[in-house]
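For reference, the structure discussed in these notes is given below.
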Amino acid sequence: MSANEQSTKGETTVRHKFKNLLLMLLLAAPLAAGAPAAEAMETEDCLGCHGDRDAVAASQFIDGARFDHTAHAEMGCLACHETVSDAHPDDGLTPSRASCRDCHEDIYQEYATSIHGANASCADCHNPHQVKSPTEVSGYDMNRQCASCHDLSDMVSTHDEWLPQAELHVGALPCIACHSGSKDYAITLYITTRQKAFGDFDLADRRQLQELAGSGNIEALVDLDGDGQASLKELRIFNQKREYKNLRLAGMMIPERVTHDFQILDNRWDCTFCHASGPEAMQTSYLAFPEDGGTFSRLPVEQGAVLDALYGTPDFYMMGATRSKALNIVGLMIIAGGLVMPVGHGTLRFLTRNNRKEH
Ligand code: HEC
Ligand code: HEC
Ligand code: HEC
Ligand code: HEC
Ligand code: HEC
Ligand code: HEC
Ligand code: HEC
């Protein structure tokens, strides 16, 4: 017997068993629930009601498109709401809810034993119907998860007591960069729109970018030669193009591997943890493009281009790690001299003005 036949035979047996099981269930169900026999409901049926704002209360609405995109979609609704019967919702029973622990034991253990374990539950930070992988969540959205309990402007003022430019830091780092052992950092650039004359940016959404891109794909706004990478030259053209003058690239340092050991880490008082790593560090970077439904896809950026504070990313300046020796020295002097509070951004820009003019 060939392997092929064997597997076909195996499948048939399984299918037979499955059919029998289904039959038994179908016969037993009406007896148990007192409801008429019907095909078991599938995700599509659930979304027929729960995906329709007119059919269910707002708190019971599930965004079908967002759910379909998640790693949870493959399992279907019933994997987590096992007890929903065919008579639902008329049976008046409250459907069961699986616990995250059933399937994410390792993360559960790590989180439950962390100092933050008693402060928030998995569902406080994750909507099970909209889960995302760390690489498709923006750093801003990561911070929104924390902001539901830790007001961001309060955080800026408490951190400002020791962290210079706390607002800039909170905008350029997800909280978990300093409050967890997350690893594999990459600088991710987000396209933001200028809201007012100075400061105050919002992420550009897909519709805004599509309008600029016309019938082309939005990656082509930067990736002019379509080689699947943003080069330093392409970043410069993007930054200087008049039609895009309301768009800016804002950088964030984002971990690709997230751990759930939320805590205060002593070494994050140490500015050199991020700032003195030199131009060899932070070489990996991406440009994030918004997708429909709140996720992001990533375009790799040429190695090192993101550290070119003059051409590549004029709005992102990673002191101690830029390509320009002069900028690094000035930056580190400022940190070492503790001059940062009174000096800050403006002076740094002033000190480096000649460097800028050169280009
Ligand atoms: C015919 C429309 C309809 C279908 C189909 C349907 N539901 Fe519901 N569902 C409702 C309504 C209406 C409620 C609210 C019932 C109530 O509050 O008493 C509800 C409540 C729920 C709840 C509880 C919400 C809460 O606040 O605790 C869950 C979970 C749920 N449904 C899951 C599902 C799943 C999973 C499926 C598919 C297997 C499904 N539903 C199919 C209409 C539907
Ligand atoms: C990975 C597990 C999982 C899957 C898959 C899942 N749910 Fe849920 N669902 C939950 C959990 C957990 C809650 C409770 C959330 C909370 O406590 O805030 C919930 C809550 C709900 C609620 C109550 C409203 C709310 O958000 O609290 C409804 C309605 C619901 N689910 C319907 C569905 C439907 C319909 C599907 C399929 C399209 C689905 N669920 C798929 C885990 C899941
Ligand atoms: C029935 C099993 C099951 C349950 C229950 C479950 N998950 Fe998942 N979850 C999975 C699987 C399978 C994946 C995809 C593989 C992986 O990342 O482990 C996943 C992935 C995820 C992801 C990452 C998504 C991605 O694209 O990488 C998050 C976040 C997540 N789950 C959160 C939760 C939370 C929060 C709960 C509880 C509300 C929960 N899960 C309950 C099975 C489950
Ligand atoms: C205080 C907020 C918070 C809590 C509580 C939390 N998470 Fe997360 N989790 C995050 C953040 C932030 C990420 C990064 C990606 C994102 O934002 O979704 C993440 C990522 C994940 C991922 C994707 C990891 C990967 O490397 O692909 C999974 C799976 C996950 N969480 C499951 C859980 C489970 C299960 C629980 C409960 C035991 C939980 N989380 C509790 C904030 C939290
Ligand atoms: C559901 C509410 C909730 C969410 C969401 C939440 N936290 Fe907390 N967190 C708390 C509470 C409550 C405390 C204890 C009181 C306090 O310090 O504010 C706390 C304390 C902390 C502390 C201090 C721990 C210590 O050692 O004293 C840190 C750091 C922290 N949270 C980080 C985070 C981060 C990072 C996120 C997002 C990934 C987050 N929290 C999301 C509720 C939350
Ligand atoms: C540059 C690193 C860094 C960043 C970014 C950062 N923190 Fe902290 N955070 C710290 C350090 C170090 C402490 C300890 C300070 C102290 O004890 O005074 C701390 C203290 C805290 C505390 C306890 C004291 C307090 O202020 O209530 C909380 C809660 C907290 N951080 C939450 C957050 C949240 C939420 C974010 C994101 C908005 C965030 N942190 C961003 C490094 C950071
Ligand atoms: C977890 C990483 C991390 C830690 C720890 C950290 N920083 Fe930063 N810092 C950054 C990032 C990322 C930026 C880039 C912000 C930008 O330009 O968008 C930045 C920017 C700055 C700037 C502004 C540069 C400019 O544009 O003018 C100063 C000043 C600064 N950091 C000083 C410090 C000092 C002092 C400490 C220690 C008390 C510190 N940082 C700790 C990541 C960090």
Side-chain angles (χ1 to χ4, degrees), residues 40-52 55-57 59-60 62 76-86 88-97 114-116 118-121 123-125 139 142-151 154-155 158-159 162-166 168-180 182 185 187 249-255 258 260 262-265 267-277 282 309 313-321 327 330-332 334-336 338-341 343-349 352:
M41 268 204 270
E42 304 211 7
T43 299
E44 249 175 73
D45 305 315
C46 311
L47 287 173
C49 290
H50 288 284
D52 178 355
V56 291
S59 66
Q60 283 147 2
I62 310 285
C77 312
L78 283 169
C80 295
H81 300 292
E82 258 182 315
T83 66
V84 172
S85 76
D86 297 335
H88 168 84
D90 300 330
D91 56 10
L93 300 172
T94 306
S96 61
R97 292 167 174 182
S114 81
I115 194 162
H116 206 275
N119 296 342
S121 71
D124 283 328
C125 293
M142 286 185 191
N143 282 355
R144 245 169 246 153
Q145 288 166 294
C146 312
S148 63
C149 298
H150 301 286
D151 183 74
D154 289 352
M155 287 301 111
T158 58
H159 288 64
W162 58 274
L163 181 64
Q165 310 230 14
L168 184 71
H169 277 101
V170 167
L173 294 165
C175 314
I176 57 169
C178 290
H179 290 299
S180 76
S182 296
Y185 284 89
I187 290 170
L249 298 178
M252 276 189 110
M253 215 180 102
I254 311 267
V258 171
H260 283 77
F262 305 124
Q263 59 184 299
I264 289 173
L265 289 163
N267 63 352
R268 306 304 148 95
W269 294 89
D270 180 0
C271 318
T272 60
F273 178 83
C274 296
H275 283 293
S277 32
M282 307 293 168
T313 51
D315 288 308
F316 183 84
Y317 168 49
M318 190 72 187
M319 255 186 327
L327 281 180
V330 172
L332 290 172
I334 289 180
I335 291 185
L339 292 167
V340 195
M341 293 284 254
V343 178
H345 218 119
T347 310
L348 203 52
R349 298 270 135 127
T352 59

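Both ligands and their constituent atoms are indexed starting at 1 by order of listing.
- At the top of the distance list for atom 27 (O) of ligand 5, counting protein heavy atoms only, stands I264 CD1, 4.2 Å.
- At a distance under 4.0 Å, no protein heavy atom can be found next to atom 17 (O) of ligand 5.
- Protein N/O/S atoms found under 2.8 Å from atom 8 (Fe) of ligand 5: H116 NE2, H150 NE2.
- Comparing heavy-atom distances from atom 31 (N) of ligand 7 across M252, H169, M253 singles out H169 as nearest.
- Q145 O, 3.3 Å is the protein heavy atom nearest to atom 5 (C) of ligand 5.
- Within the listing of ligand 5, atoms 1 (C) sit less than 4.0 angstrom from a heavy atom of D124.
- Protein heavy atoms are absent from the 4.0 Å sphere centred on atom 24 (C) of ligand 5.
- With atom 19 (C) of ligand 7 as the reference point, the heavy atom nearest to it among Q165, H275, R268 is part of H275.
- Of all protein heavy atoms, the one closest to atom 14 (C) of ligand 1 is Q60 OE1, 3.4 Å.
- In this structure H88 satisfies the ring-ring contact (aromatic ring centres under 6.0 Å, His included) test with no other residue, sequence neighbours excluded.
- Here C46 has heavy atoms under 4.0 Å from ligand 1 in both its backbone and its side chain.
- Residue-ligand proximity, S148 to ligand 5, at heavy-atom distances under 4.0 Å covers atoms 5 (C).
- Of all N, O or S atoms in H50, the one lying closest to atom 8 (Fe) of ligand 1 is NE2.
- Geometrically, ligand 1 and R97 share a nitrogen or oxygen pair separated by less than 3.5 Å.
- Taking the salt bridge (Lys or Arg N to Asp or Glu O under 4.0 Å) definition, one finds that R144 meets it with D141, sequence neighbours left out.
- Counting protein heavy atoms only, atom 2 (C) of ligand 1 is closest to C49 SG, 1.9 Å.
- Looking at residues two or more places apart in sequence or on another chain, you find a side-chain contact (heavy atoms from CB on, under 4.5 Å) between N267 and L265, F273.
- Numbered from 1 in the order shown, with element, the atoms of ligand 5 that lie under 4.0 Å from a heavy atom of I176 read 38 (C).
- With respect to atom 29 (C) of ligand 5, the closest heavy atom belonging to the protein is H179 ND1, 3.2 Å.
- Residue I115 approaches ligand 5 through these ligand atoms, each under 4.0 Å from one of its heavy atoms: 26 (O).
- The atoms of ligand 5 that sit less than 4.0 Å from any heavy atom of C175 are 35 (C).
- With a 4.0 Å cut-off on non-hydrogen atoms, D45 touches ligand 1 through its backbone and not its side chain.
- The closest protein non-hydrogen atom to atom 41 (C) of ligand 1 is H88 CD2, 3.4 Å.
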